[in-house]
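What follows is a single structure, written as structure tokens, with notes after it.
These numbers were taken from a predicted model, which means no experiment stands behind them. Each chain gets a letter, A, B and so on, in the order its sequence line appears, and its residues count up from 1.
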Number of protein chains: 2
Amino acid sequence: MGNCCDMRGFLTFTVLRLVSKNSMSGEELRQELGRRKGSKPSPGTVYPVLKAMSANGWIREVGHGIREKKYRITAAGKKELKSATKKFISIFCDMKDEFDKVSARS
Amino acid sequence: MGNCCDMRGFLTFTVLRLVSKNSMSGEELRQELGRRKGSKPSPGTVYPVLKAMSANGWIREVGHGIREKKYRITAAGKKELKSATKKFISIFCDMKDEFDKVSARS
DNA sequence: ACTTGTATATCGCACAACCGATATGTTTAA
DNA sequence: TTAAACATATCGGTTGTGCGATATACAAGT
């Protein structure tokens, strides 16, 4: 147990959240995730997740981009995101203070 | 992929946070975790985690309780919690709004 | 045409979280 | 002193997340 929490299990949730705001490509997601986590996730991490989420109907491919596939959240995805967020808040209900201490990112 | 986020990987983090506020026993932790997650984690989940965290020096057994072992956070545990929290906030930096919408629990 | 850089995709694998079942004390009640 | 209830502890096994390596596709520059 190297460090207390390698934050596994958050990837799908975070991708769903990111895609719910802007349509994004796999590469864009890798960059943003890398920015937040400190290390950029490998292709073998991101693309299978996107595939699984597509198969679940939570995101949908939209044609934009030259050589990029952009993904967008679907209605089912929004529903899933809503319930996952509720669960998340329920678990981390007492972290509001910590968030308040930090100014919002750009 | 049953649901978007089964919140795996956050148990140690959450236990560390709970124990940092009040000294708690394994059973008390199971109850509180169950309250938050919806399902009470099994003994086979909680006790190995407590053992590992003790081995890491993040929590320490304190004698209180009749037939319960209470655990308390250590200095090393506080340090670990601080860095983990920082990482957590960095990943979920844009969830402040969601937290603001929810009133604090008792 | 050929190379280079970028993005997507897939495969096998490692590792850790978590569970279910079970065993071992330990306290309270009868 | 037995029995019941409770808390702790351990073991084996399952699941799934994420990684490394590799392959494919395509655009742009030379």
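The listed nucleotides are dG20(C), dT8(C), dA9(D); the one nearest the side chain of Ser42(B) is dG20(C). Minimum atom distance to the side chain of Tyr71(B) is reached by dA9(D), of the listed dA9(D), dT10(D), dA7(D). Distance from the side chain of Arg8(B) is smallest for dG16(D) among the nucleotides dC19(C), dG16(D), dT8(C). The listed nucleotides are dG18(D), dT8(C), dT8(D); the one nearest the side chain of Glu27(B) is dT8(D).
Nucleic acid contact class of Pro43(B) (heavy atoms, under 4.0 Å, all strands): base. Counting non-hydrogen atoms under 4.0 angstrom, Gly26(A) reaches the backbone sugars and phosphates but no base. Within 4.0 Å of Pro48(B), counting heavy atoms only, lies at least one base atom of the nucleic acid.
Listed by first and then second residue, the salt bridge (Lys or Arg N to Asp or Glu O under 4.0 Å) pairs that reach into residues 17-28 of chain B are Asp94(A)-Arg17(B), Asp94(A)-Lys21(B), Glu98(A)-Arg17(B), Glu27(B)-Arg30(B), Glu27(B)-Lys40(B), Glu28(B)-Lys70(B), sequence neighbours excluded.
Within the 4.0 Å cut-off from OP1 or OP2 of dC19(D), at least one side-chain nitrogen or oxygen of Thr45(A) is found. Put simply, Lys51(A) has no side-chain N or O that comes within less than 4.0 Å of OP1 or OP2 on dA9(C).
Remark: Asn56(A) CG to Lys51(A) NZ distance equals 12.5 Å, nearest 0.5 Å.
When the C1' atom of dC18(C) is taken as reference, atom CZ of Arg30(B) falls 13 Å away, rounded to whole Å. Distance, Leu50(B) CG to dA17(C) P: 13 Å, rounded to whole Å.
Considering only heavy atoms from C-beta on, Leu50(A) comes within 4.5 Å of Leu29(A) through its side chain.
Note on Lys96(B) versus Asp100(B): salt bridge recorded, some NZ/NE/NH1/NH2 to OD/OE distance being below 4.0 Å.
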